[in-house]
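Input: a single structure, listed below in structure tokens.
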Amino acid sequence: MKTNVTLPDGSVRSFEGAVTAMDVAKSISEGLARNVLSAKVNGEVRDANRTLPETCTLALLTWNDLEGKATMWHSSAHVMAEAVEALYPGAKFGIGPAIENGFYYDIDFGGRSVGEHDFAAIEAKFKELASKKETFTRREVGKTDAIKYFTEKGDEYKLELIEGLNDGEITFYQQGAFTDLCRGPHIPDTSFIKAFKILNVAGAYWRGDEKRKQLTRLYGITFPKQKELDEYLVMLEEAKKRDHRKVGKELDLFTFSEKVGAGLPLWLPKGAALRERLISFMKTAQEKAGYVQVATPHIGGKALYETSGHWEKYGKDSFQPMNTPQEGELFMLKPMNCPHHCEIFASRPRSYKDLPLRLAEFGTVYRYEQSGELHGLARVRGFTQDDAHLFCRPDQVKEEFLKVIDLVLLVLKALSFESFEAQISLRDKVDRSKYIGSEENWVKAEQAIMDAAAESGLKTVVEYGEAAFYGPKLDFMVKDALGRRWQLGTIQVDYNLPERFELEYVGSDNARHRPVMIHRAPFGSLERFIAVIIEHTAGKFPLWLTPEQAIILPISDKFIGKAQEVMELLKSHDIRASVDERNEKIGRKIRDAELDKVPFMLIIGEKEAEANSISVREQALGDMGSMTPLQFKELVSERIAKQLSGL
RNA sequence: GCCUUUGUAGCUCAGAGGUAGAGCACUUCCUUGGUAAGGAAGAGGUCACGGGUUCAAUUCCCGUCAAAGGCUCCA
């Protein structure tokens, strides 16, 4: 018997008899063999020490491959479980997968509270076990034997997992004293793991169901070298420095007050200026795209939300209605702007010639978010959407949708977001109770989104269960400093609300027709959008957006008058500038302006006062030499024009 | 909402069963200085809030509120 192996470069190697991926690695080089974590055999990731089929394609996976890392982290989860079992006899185990950065294991410690103070002991035990160079042994187990093993061990979680499996597809992996139900694959032995750290601990419901027991989830990460762990931890610290909650405080952008309430941000003057800048940017873009502005109140009658379906779908879990003292009328804080906008559409007869009607509003909405869910500006209870609703004829849907995609891309470009994901958010495949409207309408809407997304050429991923209750969405997702994904822009096609609000227009055939609605918010919400901008720029905003574009620094107070003249001149050219009039040396003023991330520092001393010039220093880059205030104004205008090209 | 953790000056943080401290920021004065921190003095805290234990609590215990990391949820 021979084994023929095709390697990724296309070359074919022939071996006498049965061989493993590890054998193949050794035949290539000892160095490679020392680094092989697992192997991709005919497209499937498997243990490196399993026998290969007679004919196969083979890719050897190392730490440089995502799948190699995943193998190592999954194996690390097993070792962590082994350490936990040694220290906490009787602990029961849920699931322990590899994740994007590391791994976790959900553990039932049997009523014991395990927290950060326990980490050191677990880490020490882990290192002791890993250094033993225990091998991971795979074994196929019959269902009855598998049930028997975990019944004796008393682990009801594993038993529940086994219930969902069929005879013949159950495998156990054992390393040292620890045996686990596991599909694999695993690294050859534990000696590959050289560095380990428990990152944090969290509660996690068994099978993600909040009605079931909460297990303790330990998050950890491992590396093949201690140095890599150290670097990773430094990187995490650096990421924390970009946290919008920290930077927002340092730059005086926003604050929170216990008295006002959790999740209700207070915008300070600089942060409010930033918002205004974003709003006027969007207003300009929208005016060009044929939108009209409307304005609606922050509350609406309960009947409005009964019509829209909000009351039915989310009434119980939202801020509760408030009533008027005399008449007892019920009003709700608006969770969305669309019902109000539907009523504007319905306020008079509409002709097909009026469509598309694009109603835009920077509408502030209020949503009840569970207290544990609040997160700085990224998840709040009151926020302002750059909302608009496009009422159009069915034949206009695709074109309008494509135009909105362009608008979203323009926004992402102006803020230099290069890495975003476009996600098509569809209905839950099973649970349809969360949604309103007919199957027919949903199919039409889902098709419309997929067609438009395909035509736009966007790369998209499909997620089920992420749709709004009235329709599917195209969502634009961006990551924050710590890699968490947030939804920013969103575009939604809706056949349902026009039906519920009985919206109509008169067609060219003089008959009544139902319009289609597109809901869209390119920023999503100003709050979350600003949070993500802060983390992406670390507070160094693009010139067009930054609250203060230039600060004028007189060398001594003799030149304050001159500095003020320059400031007035720049302001008359729409440059946002101020003067640092403090009684400090120039070095100090520069340092403070640098830390405040003001893009330009304009220095005025004796030389400049005489020559009617300014010395320009660019933030983080340094001295640019001297020029006249008008030359500086040109410099600023050119840069802004470049940043906003396309608007 | 749930699990783990945290809450001391505007900010970052030390501290201890006997009613508090540093650095920065702030105020005043001196200094008028050319590209990342000039000097001196001063002011500033119900130690998150509410109970309890104690001769004595900011410190120990309980509750509430807020914040952090997750889970669930997310119009």
Side-chain angles (χ1 to χ4, degrees), chain A residues 99 104 106 109 113-119 199-219 240 243 245-246 249-250 252 255-263 305 308-315 317-318 334-339 365-376 379 381 385 434-436 465-471 473 482 484 487 490 492 497 519 553-560 583-596 601-608 615-626:
Chain A
I99 53 176
Y104 65 78
D106 286 346
F109 284 93
S113 165
V114 171
E116 282 167 27
H117 42 278
D118 303 298
F119 289 2
L199 295 173
N200 48 47
V201 54
Y205 300 105
W206 171 235
R207 304 218 124 177
D209 184 345
E210 66 179 323
K211 290 179 192 70
R212 306 197 65 180
K213 188 160 185 183
Q214 190 159 50
L215 308 180
T216 304
R217 175 172 296 181
L218 292 176
Y219 284 89
K240 281 186 193 154
D243 190 310
R245 292 163 298 191
K246 180 177 156 66
K249 192 179 267 181
E250 285 164 1
D252 293 320
T255 187
F256 289 90
S257 147
E258 285 193 24
K259 281 187 185 140
V260 173
Y305 299 105
S308 69
H310 286 86
W311 180 251
E312 181 198 335
K313 293 295 171 191
Y314 295 99
D317 301 319
S318 63
K334 66 176 175 186
M336 292 181 82
N337 301 300
C338 36
V365 297
Y366 300 88
R367 299 177 184 178
Y368 168 73
E369 302 286 356
Q370 296 184 90
S371 57
E373 238 344 290
L374 301 172
H375 181 89
R379 194 72 178 274
R381 284 177 169 168
Q385 296 179 306
K434 298 190 276 189
Y435 310 102
I436 59 168
E466 294 294 313
F469 75 86
Y470 48 77
K473 313 189 283 176
L482 288 175
R484 292 171 293 215
Q487 177 201 315
T490 178
Q492 307 160 9
L497 289 188
H519 308 237
L553 311 179
I555 294 284
S556 76
D557 27 351
K558 278 182 281 191
F559 308 105
I560 288 179
N583 178 7
E584 292 292 347
K585 292 209 213 174
I586 193 67
R588 179 53 183 273
K589 292 179 183 178
I590 287 171
R591 176 183 157 79
D592 289 346
E594 286 281 347
L595 292 177
D596 281 343
M601 285 147 261
L602 311 179
I603 294 159
I604 295 185
E606 195 159 356
K607 266 190 324 207
E608 292 80 7
S615 279
V616 180
R617 179 189 163 98
E618 187 165 6
Q619 200 265 340
L621 295 174
D623 200 349
M624 296 176 75
S626 65

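The structure displayed is predicted, hence computed values, not measured ones. Keep in mind that the numbers below use all heavy atoms, side chains included, and drop hydrogens, waters and symmetry copies.
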Take atom [atom1] in [N] and the same atom in [M], then report the distance between them in whole Å.
| N | M | atom1 | result |
| --- | --- | --- | --- |
| B:rU59 | B:rC29 | P | 41 Å |
| B:rG42 | B:rU5 | P | 43 Å |
| B:rU58 | B:rU6 | C1' | 16 Å |
| B:rC62 | B:rG21 | P | 30 Å |
| B:rC61 | B:rU54 | P | 16 Å |
| B:rU28 | B:rA43 | P | 15 Å |
| B:rG17 | B:rA57 | P | 15 Å |
| B:rU27 | B:rC65 | P | 38 Å |

Selected nucleotide, minimal atom distance to [X] side chain, candidates [options]:
| X | options | result |
| --- | --- | --- |
| A:A204 | B:rU35, B:rC71, B:rA75 | B:rC71 |
| A:S615 | B:rA75, B:rG34, B:rG1 | B:rG34 |
| A:R367 | B:rA75, B:rG1, B:rU5 | B:rA75 |

Worksheet entry | A:Y104 vs A:L199 side-chain heavy atoms within contact, under 4.5 Å | no

Applying a 4.0 Å non-hydrogen cut-off, can you work out what [X] is touching in the nucleic acid: base, sugar-phosphate, or nothing?
| X | value |
| --- | --- |
| A:I586 | sugar-phosphate |
| A:G471 | nothing |
| A:D317 | base |
| A:T216 | nothing |
| A:E250 | nothing |
| A:Q487 | nothing |
| A:H117 | sugar-phosphate |
| A:G372 | base |
| A:Y219 | sugar-phosphate |
| A:A202 | base |
| A:L215 | nothing |

Nucleotide [N], atom [atom2] - distance to [atom1] of [X] in whole Å:
| X | N | atom1 | atom2 | value |
| --- | --- | --- | --- | --- |
| A:Y314 | B:rC73 | OH | C1' | 10 Å |
| A:R379 | B:rC73 | CZ | C1' | 7 Å |
| A:Q370 | B:rC73 | CD | P | 9 Å |
| A:D557 | B:rU32 | CG | P | 10 Å |
| A:L199 | B:rU5 | CG | P | 17 Å |
| A:K246 | B:rU6 | NZ | P | 20 Å |

Worksheet item: Are A:S626 and A:E608 close enough that a side-chain donor and a side-chain acceptor fall under 3.5 Å?
Response: no

Does the structure show a Watson-Crick or G-U wobble partner for [N], both distances under 3.5 Å? Name it, or say none.
| N | answer |
| --- | --- |
| B:rA20 | none |
| B:rG33 | none |
| B:rA9 | none |
| B:rA48 | B:rU64 |
| B:rG69 | B:rC3 |
| B:rU58 | none |
| B:rU28 | B:rA40 |

OP1 or OP2 of [N] under 4.0 Å from side-chain N/O of [X]:
| X | N | value |
| --- | --- | --- |
| A:S556 | B:rG33 | no |
| A:K249 | B:rU12 | yes |
| A:S113 | B:rU4 | yes |
| A:R484 | B:rG70 | yes |
| A:Y205 | B:rC71 | no |
| A:R217 | B:rG69 | no |
| A:H375 | B:rG70 | no |

Worksheet item: What is the ring orientation for A:Y470 with A:H519, classed by angle as parallel under 30°, tilted 30 to 60°, or perpendicular over 60°?
Response: parallel

Worksheet item: Does A:Q214 make a side-chain donor-acceptor contact with the base of B:rG1, cut-off 3.5 Å?
Response: no

Discussion item. Please determine whether any donor N or O and acceptor N or O are separated by less than 3.5 Å between the side chain of A:E258 and the base of B:rA66.
Written reply: no

